[in-house]
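Here is the structure we will look at.
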Protein chains: 2
Amino acid sequence: MSRWKPDARGRLIKAAIELFAERGYDATTVTEIAERAGLTKRTFFRYFSDKREVLFYGSEELERIWLEALTATPTDASPLAAVMAGFDPIAELFEGRLPFARLRAEIIMANPELQERELIKLQRLAESIKAALVERGIAHDAAMLAAQTGLTVFHVAFARWVAQEDPTAFRRLIDESLDELSEVITAEPAATRRSSG
Amino acid sequence: MSRWKPDARGRLIKAAIELFAERGYDATTVTEIAERAGLTKRTFFRYFSDKREVLFYGSEELERIWLEALTATPTDASPLAAVMAGFDPIAELFEGRLPFARLRAEIIMANPELQERELIKLQRLAESIKAALVERGIAHDAAMLAAQTGLTVFHVAFARWVAQEDPTAFRRLIDESLDELSEVITAEPAATRRSSG
DNA sequence: CACAGCATGTCACCTGGTGCCATCAACTAC
DNA sequence: GTAGTTGATGGCACCAGGTGACATGCTGTG
């Protein structure tokens with residue numbers, strides 16, 4: 001028994017996405033996912049640290065790509081420019097994966113637990129980016145704010161991308177979000193806030 | 001049996017914080033928390049929707065206060081100014097609770113699951129703030145970015161507050177973070193980003 | 001006293017998640 | 001070819017988080 005089968009991880013991901021789409025995340029048990037993939041629950045948990053993680057496989061690659069682009073920018077570039085350098089390769093990574101991304105986004109949007117996981121993934125990414133900026137000599141807090149700002153732009157653009165009716169280029173959506181950030185921020189000089197007391 | 005006891009929720013929170021501080025979050029079972037509070041596991045889950053939530057009771061009040069301050073600002077105020085209006089009452093809410101906040105922060109920092117929950121709470125808060133801004137006629141995306149930016153400043157200031165050796169006023173830390181955000185952003189005109197390809 | 005309502009307890013049950021060991025295929029060495 | 005090794009998987013017992021259904025007991029109120 002237990003003949004070896006290729007791409008166990010990929011089959012588990014496929015089975016999970018299908019079942020989540022069919023009956024929802026909560027109504028799907030790990031045992032069912034494993035069965036559809038021709039495996040057992042125990043094996044599922046050897047590939048994914050928990051049930052949610054099956055929807056987030058690949059986020060390490062995203063981080064790797066983003067950090068590579070960041071560290072490749074000249075060291076005299078501004079923090080925000082360095083953060084935004086990751087946008088292009090990421091956009092390339094996503095082009096063509098819209099159907100999968102949309103299905104996945106629908107599943108996640110329907111479940112608070114999954115939204116938690118998505119958020120923490122983005123946050124971890126922001127922390128990695130921040131660390132990379134600090135490595136380049138940027139001050140701790142400036143790095144954090146730049147990283148967070150870049151992530152927000154990315155997040156807004158991504159949400160628009162999966163919600164879009166026509167498959168607009170991801171990169172174009174990023175530029176739109178970026179322009180709006182500029183408008184929001186530059187319209188708000190620090191002096192507009194009330195004096196502390 | 002089962003004589004009624006006052007403030008069951010408060011006793012559960014106290015017992016949970018104590019046990020988490022003593023042996024860590026993972027090494028503490030819900031049954032143990034309930035026992036220390038003189039109750040049962042079933043009752044714990046009547047007061048808190050899950051084990052983590054016992055550390056986040058009170059976040060609804062934070063949201064309520066913030067939104068009140070926001071809606072109280074004149075409608076011609078800028079989005080970011082409206083968001084930042086919440087800083088003062090929130091600072092008031094926190095002053096004097098530093099020991100509790102610090103203990104809680106240590107517990108959360110030691111556990112990824114709890115960090116997920118904290119993040120999603122902040123995100124929900126950002127969404128509420130965004131919704132309130134939209135209600136005032138701010139455009140959807142500008143509202144989101146303003147809310148997110150305000151939350152980031154709040155988050156940075158809060159992290160500093162609990163990490164501080166001497167109990168600096170929370171409000172002062174907010175102003176510091178705000179100044180740094182201004183520096184980071186205003187040093188980065190949109191023109192510095194690469195032209196889209 | 002009878003009754004309603006509320007907080008709590010009790011119990012059975014499901015599922016996510018893990019530790020431990022058995023099994024089986026493929027590969028290597030002799 | 002046989003023995004041993006390695007790596008992926010299955011099987012199983014077990015723990016803890018979480019829930020539904022029902023019982024119990026206190027408190028107030030007519």
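All chains are named by letter (A, B, ...) in the order of the sequence lines, taking the proteins before the strands, and each is independently numbered beginning at 1. Scope of the values below: all heavy atoms of this structure, side chains included, with no hydrogens, waters or symmetry mates.
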Exercise for the section: In plain terms, say whether A:Arg23 and A:Glu32 are close enough for a salt bridge, that is, a side-chain N and a carboxylate O under 4.0 Å apart. Expected result: yes
Exercise for the section: Look at A:Lys121 together with A:Glu53 and state whether they make a salt bridge at an N to O cut-off of under 4.0 Å. Expected result: yes
Exercise for the section: Answer yes or no: side-chain N or O of A:Arg46 and base N or O of D:dG7 forming a donor-acceptor pair under 3.5 Å. Expected result: no
Problem - Per B:Lys51 side chain, nearest of listed nucleotides C:dT8, D:dG18, D:dT9 - result: D:dG18
Problem - Phosphate contact (D:dA8 OP1 or OP2) by A:Tyr47 side-chain N/O below 4.0 Å - result: no
Practice task
Can you figure out which of C:dG9, C:dG17, D:dT19 approaches the side chain of B:Leu39 most closely?
Solution key: C:dG9
Exercise for the section: Could you check how far CG of A:Asp26 sits from P of D:dG17, rounded to whole Å? Expected result: 18 Å
Practice task
Would you indicate what A:Ser49 reaches in the nucleic acid, counting non-hydrogen atoms under 4.0 angstrom: base, sugar-phosphate, or nothing?
Solution key: sugar-phosphate
Problem - Under-4.0 Å side-chain N/O to phosphate OP1/OP2 contact, B:Thr43 with C:dG9 - result: yes
Problem - Ionic contact status for A:Glu118 with A:Arg52, cut-off 4.0 Å - result: no
Handout entry: A:Tyr57/A:Tyr47 aromatic ring centres below 6.0 Å
Key = no
Problem - Among D:dG18, D:dG11, C:dG16, the one nearest A:Val30 by side-chain distance - result: C:dG16
Practice task
Report yes if at least one side-chain N or O of A:Thr29 is closer than 4.0 Å to OP1 or OP2 of C:dT15; otherwise report no.
Solution key: no
Problem - Whole-Å distance separating the CG atom of A:Asp50 from the C1' atom of C:dG17 - result: 9 Å
Problem - Interatomic distance where CZ belongs to A:Arg42 and P belongs to D:dC14 [whole Å] - result: 16 Å
Completion exercise
By nearest-nucleotide position on DNA chain C, the 5'-leaning member of B:Lys41 and B:Gly38 is B:Gly38
Fill in the blank from the handout: Whole-Å distance, A:Glu116 CD to C:dG16 P, equals 17 Å
Problem - Pair B:Thr152, A:Gln148: side-chain N/O donor-acceptor within cut-off below 3.5 Å - result: no
Completion exercise
Of the listed C:dG16, D:dT9, D:dG11, the closest approach to the A:Phe45 side chain comes from C:dG16
Exercise for the section: Round to a whole Å and report the spacing from CZ of A:Arg9 to P of D:dA8. Expected result: 11 Å
Fill in the blank from the handout: Between A:Phe48 and B:Arg11, whichever has its closest DNA chain C nucleotide further toward 5' is B:Arg11
Exercise for the section: Let me know the distance between CZ of B:Arg117 and C1' of D:dG17, rounded to the nearest Å. Expected result: 13 Å
Fill in the blank from the handout: Between CD1 of A:Ile33 and C1' of C:dT15 the distance, given in whole Å, is 12 Å
Completion exercise
In whole angstroms, the gap separating P of D:dG17 from CD of B:Glu53 amounts to 15 Å
